[in-house]
Amino acid sequence: MTEITLRSGREKSVLRRHPWIFSGAVASGIAGLGEIVRVRSAKGETLGYGCFSPDSQIRVRMISFGEGPAPDEKFISNRVRESVERRRLTAPWMFSEPEAGCPQGAARLVNAEADGLPGVVADCYAGWVVCQFTSTFAESWKSVIAEALAGSVPNCKGVSARSDVEVRRKEGLSVSDGLEILSGSEPPEVIEIAEGPARFLVDVRKGHKTGFYLDQRDARAAVGALAKGREVLNCFCYTGGFGIYAAVGGASKVTQVDVSSDALALAARNLERTRGASAAAASAACEVEQVEADVFKYLRECRDRGRKFGMIVLDPPKFAETKSQLDKAARGYKDINLLAMKLLDKDGILATFSCSGAMDAEFFDTILAEAAQDARRGFQVVGRTGHAADHPVSLAFPEGRYLKGVILRAI
């Protein structure tokens, strides 16, 4: 087995069980793409085993720590099964039969480094598992991972993979559109899932991430609980999740805004499915308007027309991929939050989010405080949200804590 030796003093992060070893920390040793390597300190101590990536700045991604046998097929399979089994606590609906006439729910079953499987994301939508493999480890072991998922997910209908994420290029991996079927059958064009009072149709081929923002489950529920009697503006609405929860929660009107006509079309279908799902959802008879527009321009138009809203949701795409992009991202976040703050009624609610991992929660709070100062309005923090429980974050890997949500009330 190839051995990788670290420079003196560079073993500290590995001893803290941080899974990334950057190229500058490596003193000697080179291996092939995806090869399992033994990692040693400058003193020769075995620190653990990882997967080598010759083209990436993250040269080794740790799989296991300390002495012990090198990870093999059985080791990887067991780790996948353990990850799925842990969801019995955080996503119990995945292990029980849905009610008659109700579609099954959805959950994340593998959350990459947090589950000890770097670069592996596996989301399950009503029995269909859709993966993203963004590291050389994930790509090299994908057949083993797929087989383990198929054998451990209850009533698994199929396992497929999307390879359309640009981060794969940094690992020396190809990027391509479409689904690769790894096990079982090919999923349908859209998959219907149940989430609380809502029903969503998920496009696992062209939708964002693996098709849906499962990580925002708790935030959608929080918005729904605060929406009663309010006119709600849902910006960057994608397929309508926050707006649908607001409608079911008793909003007086919901306006869904997105630049994508395809996303808005699916949002309309999701609202129809939700209203047909139960008497409670059907009673949410508030008007729902859909607007195809650039959110920045739309917010400025609302400002110029003197529009006011009782609640505004800002859930934009990632503005910063790296720390070098933070200054530009900060200007974008401040701009949309400042505009939204000016559009709120007295006692209005702003639910605002950042999924930029390069921006920490403290910096996001600073941006919001500066926006409030420029808006010349006072705000209270009445809630915070983050990843849903099936998206765990490792204490040793703070980079996995990318999602930040702050719920503000104007005073």
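Positions are given from 1 along the sequence.
Within a 6.0 Å radius of CZ in R376, no more than 12 heavy atoms belonging to other residues, nucleotides or ligands are found. For E399, the CD atom sits in a packed shell: over 12 heavy atoms of surrounding residues, nucleotides or ligands are nearer than 6.0 Å. For CD1 of I411, the number of neighbouring non-hydrogen atoms (other residues, nucleotides, ligands) closer than 6.0 Å is greater than 12. Counted within 6.0 Å of NZ on K308, heavy atoms from surrounding residues, nucleotides or ligands total more than 12; the atom is thus considered enclosed. Other residues, nucleotides and ligands contribute only 12 or fewer heavy atoms inside 6.0 Å of the CD atom of E272. The environment of CD in Q373 is sparse: at most 12 heavy-atom neighbours from other residues, nucleotides or ligands sit within 6.0 Å.
Without hydrogens or angle criteria, K404 side chain to M359 main chain gives a donor-acceptor distance under 3.5 Å. Checked by atom type and distance alone, the side chain of N111 never pairs as donor or acceptor with a backbone atom of A114 at under 3.5 Å. In terms of modelled atom types and a separation under 3.5 Å, the side chain of R10 and the main chain of A42 share no donor-acceptor contact. No donor-acceptor pair closer than 3.5 Å links the side chain of K170 to the backbone N or O of T134. Between the R87 side chain and the R108 main chain, a donor and an acceptor come within less than 3.5 Å of each other. The main-chain N or O of L264 is found under 3.5 Å from a side-chain atom of Q290 such that the two form a donor-acceptor pair. Within the 3.5 Å criterion, the main-chain N or O of V204 finds a donor-acceptor partner in the side chain of R162. In this structure, N270 contributes its side chain and L266 its backbone to a donor-acceptor pair below 3.5 Å. Under a 3.5 Å cut-off, the side chain of S260 and the backbone N or O of A263 do form a donor-acceptor pair. Judged by distance alone, the side chain of K342 and the main-chain N or O of R377 form no donor-acceptor pair under 3.5 Å.
Between L314 and the options N234, L350, L233, L339, a side chain to side chain contact (heavy atoms under 4.5 Å, CB included) holds for only L350. Applying salt bridge (charged side-chain N to carboxylate O under 4.0 Å, His left out) to D115 and the options R86, R81, R79 leaves one that passes, R86. Remark: of the listed residues Y402, F242, F319, F242 is the sole one forming a ring-ring contact (aromatic ring centres under 6.0 Å, His included) with F353.
Using the six-membered ring where Trp is involved, W20 and F22 have ring planes that are perpendicular, over 60° apart on the 30 and 60° scheme.
Summarising the geometry of C156 relative to V129, their closest heavy-atom pair is SG-CG2, 4.1 Å, with the distance given to 0.1 Å. Counting all heavy atoms, side chain and backbone alike, F95 lies closest to P154 at CD2-CG, 3.5 Å. Looking at every heavy atom in both residues, I63 comes nearest to C51 through CG1-N, 4.2 Å. Between A375 and L338, the shortest heavy-atom distance links the atoms N-CD1, 3.4 Å. Heavy-atom minimum distance, G310 versus D345: N-OD2, 3.5 Å. Contact record, L214 with A106: CD2-CB, 3.7 Å, taken as the closest heavy-atom pair.
Residue D315 holds its CG atom at 9.5 Å from CD1 of I336, rounded to the nearest 0.5 Å. If you take CD1 on I244 and OG1 on T239, they are separated by 7.0 Å, rounding to the nearest 0.5 Å. Note that CD of E82 is 10.5 Å distant from OG of S77, once rounded to the nearest 0.5 Å. With values rounded to the nearest 0.5 angstrom, L403 atom CG is found 7.0 Å from C355 atom SG.
Side-chain contact between W141 and L117 is absent, with no heavy atoms from C-beta onward closer than 4.5 Å. Residues T136 and S56 fail the side-chain proximity criterion, which asks for heavy atoms closer than 4.5 Å. Contact of the S53 side chain with the R61 side chain is not registered, since no non-hydrogen atoms from C-beta on lie closer than 4.5 Å. With a 4.5 Å cut-off on side-chain heavy atoms, Q104 and M94 count as touching. Residues L173 and F133 are not in side-chain contact: their nearest non-hydrogen atoms beyond the backbone lie 4.5 Å or more apart. Put simply, the side chain of V393 does not reach to within 4.5 Å of the side chain of F397, judged on heavy atoms. Inter-residue side-chain proximity for D335 and R331 is flagged as unmet; no heavy-atom pair is nearer than 4.5 Å. At a threshold of 4.5 Å between non-hydrogen side-chain atoms, the residues I4 and R59 do not count as touching.
Sorted by first and then second residue, the pairs that involve residues 21-36 and meet side chain to side chain donor-acceptor pair (under 3.5 Å), not counting sequence neighbours, are T2-E35. Under the ring pair (Phe, Tyr, Trp, His ring centres under 6.0 Å) criterion, the residue pairs touching residues 157-209 are F200-F212, H208-Y213, H208-Y238, with sequence neighbours excluded.
Ion pair R217/D390 flagged as a salt bridge, since at least one NZ, NE, NH1 or NH2 atom sits closer than 4.0 Å to an Asp/Glu carboxylate oxygen. Taking 4.0 Å as the cut-off between side-chain N and carboxylate O, D347 and R230 do not count as a salt-bridged pair.
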> Where do L271 and Q256 land on the side-chain contact (heavy atoms from CB on, under 4.5 Å) test, with the steps shown first?
Replying inline: CA-CA 11 Å; L271 178 65; Q256 309 260 46; over 6 Å; no
>> Is there a side-chain contact (heavy atoms from CB on, under 4.5 Å) between C131 and K142? Walk through the geometry before answering.
In response: CA-CA 9 Å; C131 304; K142 68 180 179 181; over 6 Å; no
>> What verdict does the side-chain contact (heavy atoms from CB on, under 4.5 Å) test give for V254 and C286, after you've listed the backbone C-alpha separation in whole Å, the side-chain angles of each residue and the deciding distance to 0.1 Å?
In response: CA-CA 7 Å; V254 175; C286 75; 4.2 Å; yes
>> Between K209 and D123, is the salt bridge (charged side-chain N to carboxylate O under 4.0 Å, His left out) condition met? List the steps.
In response: CA-CA 10 Å; K209 294 195 171 185; D123 293 334; over 6 Å; no
> For D294 and R300, what are the C-alpha separation, side-chain angles and deciding distance, and is it a salt bridge (charged side-chain N to carboxylate O under 4.0 Å, His left out)?
Replying inline: CA-CA 10 Å; D294 175 272; R300 291 187 178 94; 5.7 Å; no
>> Please evaluate residues E231 and R307 with respect to the criterion salt bridge (charged side-chain N to carboxylate O under 4.0 Å, His left out), reporting the C-alpha separation (whole Å), side-chain torsions for both, the decisive distance (0.1 Å), and the verdict.
In response: CA-CA 11 Å; E231 183 175 349; R307 287 286 306 275; 2.9 Å; yes
> Given the rule in the side-chain hydrogen bond (donor to acceptor under 3.5 Å, both in side chains) test, do T274 and R199 qualify, once you have shown the distances and angles that lead to the verdict?
Replying inline: CA-CA 5 Å; T274 298; R199 301 293 181 267; over 6 Å; no
>> Using the rule given for side-chain contact (heavy atoms from CB on, under 4.5 Å), can you reason through R409 versus F379, listing the C-alpha separation, both sets of side-chain angles and the distance that settles it, and then say yes or no?
In response: CA-CA 5 Å; R409 177 189 284 123; F379 286 88; over 6 Å; no
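Y333 and T352 share no donor-acceptor pair across their side chains, judged by distance under 3.5 Å alone. Between the side chains of E171 and S135, not a single donor N or O lies within less than 3.5 Å of an accepting N or O.
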Listed pairs under 3.5 Å, donor-acceptor, residues 182-191 side chains, sequence neighbours left out:
unit_1 : atom_1 : unit_2 : atom_2 : d
E186   : OE2    : R205   : NH2    : 2.9

